[in-house]
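This report concerns only the one structure given below.
Numbers restart at 1 for each chain; the letters A, B, ... are given by sequence-line order, proteins then strands.
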Amino acid sequence: MSQKRYWLMKSEPGAYSFSDLIGEENSTAEWDGVRNYQARNMMRDDMKIGDGVIFYHSNAKPPGAVGTAVVVREGYPDHTAWDSESEHPDPRSTPDNPVWYMVDIKAVAEFERFVPLREIKATPGLEEMPLVKNSRLSVQPVTKQEWDIILALGAQE
DNA sequence: GCCAACGTTGGC
DNA sequence: GCCAACGTTGGC
């Protein structure tokens, strides 16, 4: 029985927001369209059912963490890669030989209080987050300590 | 809109 | 395998 892990996933709210996720059937969505190898590897190999996800709005005004989600399906091929009509087609990826993978996540709860990036950057204990260290990765690992700090910020009145 | 950081591509 | 050029991300 492996330890529950934690992640942070970015989305541009103009493209897909946390509200969009909540509005899905079962508040669940395929996390398709990721075309970065590091992010793919984490989704394919490391993300397990039950893992916690912080949902982060990038390219937003202001950017920040908006809520939590949970992994409900582990890595499987991203079928949008071989759909020429999709937003991120990649002809190298086929059903027999998939290049890109995704997971399914389900919304758990919106934070009572939005946690802006500005505050994440200023909070002791969060300095080592890839988010703070200028990483563009759209799927990032989060430690248990970081998870607890951010959830506390999001719960604050 | 600017631009720094970083990943990817492709010539050699 | 190196590395310059180029494209993308994403905060500001």
Side-chain angles (χ1 to χ4, degrees), chain A residues 5-24 29-47 51-69 71 74-105 107-143 145-156:
Chain A
R5 296 193 234 197
Y6 302 91
W7 309 93
L8 178 144
M9 295 171 99
K10 296 182 189 174
S11 187
E12 301 196 15
Y16 193 86
S17 70
F18 192 63
S19 303
D20 291 330
L21 180 61
I22 289 174
E24 302 276 4
E30 301 179 334
W31 206 252
D32 61 54
V34 173
R35 300 290 180 264
N36 170 282
Y37 289 105
Q38 257 184 286
R40 177 206 65 183
N41 292 348
M42 287 186 274
M43 292 200 291
R44 186 189 60 191
D45 306 330
D46 301 327
M47 297 180 76
D51 283 2
V53 175
I54 290 170
F55 199 105
Y56 175 86
H57 279 171
S58 62
N59 245 328
K61 292 185 278 194
V66 287
T68 57
V71 176
E74 295 174 9
Y76 64 108
D78 180 346
H79 57 81
T80 68
W82 52 79
D83 174 3
S84 59
E85 307 281 296
S86 82
E87 294 192 19
H88 305 281
D90 183 347
R92 294 173 304 156
S93 192
T94 64
D96 284 342
N97 211 346
V99 175
W100 301 111
Y101 285 73
M102 60 188 177
V103 297
D104 288 357
I105 62 170
V108 172
E110 184 168 8
F111 287 143
E112 290 171 45
R113 192 179 145 274
F114 174 75
V115 184
L117 176 61
R118 162 130 233 112
E119 191 174 326
I120 293 173
K121 284 184 165 176
T123 302
L126 302 182
E127 303 87 349
E128 296 303 315
M129 292 186 74
L131 190 68
V132 172
K133 303 187 91 171
N134 201 16
S135 164
R136 294 158 27 193
L137 255 192
S138 66
V139 177
Q140 312 185 347
V142 171
T143 67
Q145 289 75 17
E146 291 161 349
W147 171 271
D148 288 342
I149 292 171
I150 290 177
L151 261 67
L153 292 173
Q156 202 169 282

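The salt bridge (Lys or Arg N to Asp or Glu O under 4.0 Å) test applied to A:Asp90 returns A:Arg92, not counting sequence neighbours. Annotation: salt bridge (Lys or Arg N to Asp or Glu O under 4.0 Å) contacts of A:Glu127 (sequence neighbours excluded): none.
Within the 4.5 Å cutoff, side-chain heavy atoms of A:Leu8 are placed close to those of A:Met129. Proximity of A:Pro98 to A:Ser93: side-chain heavy atoms (C-beta onward) are separated by under 4.5 Å at one or more points. For the pair A:Asp78/A:Arg40, no side-chain contact is recorded, criterion being any heavy-atom separation below 4.5 Å from C-beta on.
The structure places OG1 of A:Thr123 at 5.0 Å from CG of A:Leu153, a figure rounded to the nearest 0.5 Å. Between the CG atom in A:Asp45 and the OH atom in A:Tyr101 there is a gap of 9.0 Å [rounded to 0.5 Å]. Taken from OG in A:Ser135 to NZ in A:Lys10, the straight-line distance is 5.5 Å, to the nearest 0.5 Å.
Atom NE2 of A:His88 and atom C1' of B:dT8 are 16 Å apart (whole Å). Whole-Å rounding puts the A:Arg136 CZ to C:dG11 P distance at 12 Å. A:Glu87 places its CD atom 15 Å from the C1' atom of C:dT8, with the value rounded to the nearest Å. Note: CG (A:Asn134) to C1' (C:dC12) measures 12 Å, nearest angstrom. A:Gln140 has its CD atom 12 Å from the P atom of B:dG7, to the nearest Å. Residue A:Lys133 contributes atom NZ, which lies 18 Å from atom P of C:dG10 at whole-angstrom precision. In this structure, CH2 of A:Trp100 is placed 7 Å from P of B:dT8, rounded to the nearest angstrom. Spacing between atom CE of A:Met9 and atom C1' of C:dG10 amounts to 18 Å, rounded to whole angstrom units.
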Could you write out each protein N or O paired with an N or O of nucleotides 4-6 of chain C at a distance under 3.5 Å?
none

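Here the side chain of A:Glu119 pairs no donor or acceptor atom with the backbone of A:Pro116 at under 3.5 angstrom.
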Distance-only criterion, 3.5 Å: show the donor-acceptor pairs between side-chain atoms of residues 11-18 of chain A and protein atoms not counting sequence neighbours.
| unit_1 | atom_1 | unit_2 | atom_2 | d |
| --- | --- | --- | --- | --- |
| A:Ser11 | OG | A:Tyr16 | O | 2.5 |
| A:Glu12 | OE2 | A:Asn59 | ND2 | 3.2 |
| A:Tyr16 | OH | A:Glu24 | OE2 | 2.6 |
| A:Ser17 | OG | A:Ser19 | N | 3.3 |
| A:Ser17 | OG | A:Asp20 | N | 3.2 |
| A:Ser17 | OG | A:Asp20 | OD2 | 3.3 |

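Listed pair A:Lys10 / C:dG10 meets the phosphate criterion, a side-chain N or O lying under 4.0 Å from OP1 or OP2.
Listed by residue number, A:Tyr56, A:Ser58, A:Asn59, A:Pro63 are the residues of residues 51-64 of chain A with a heavy-atom contact under 4.0 Å to DNA chain C. Near DNA chain B, meaning a heavy atom under 4.0 Å away, the residues from residues 34-43 of chain A are A:Tyr37, A:Gln38.
A perpendicular orientation is assigned to the rings of A:Phe55 and A:Trp31, their planes being inclined by more than 60° (bins at 30° and 60°).
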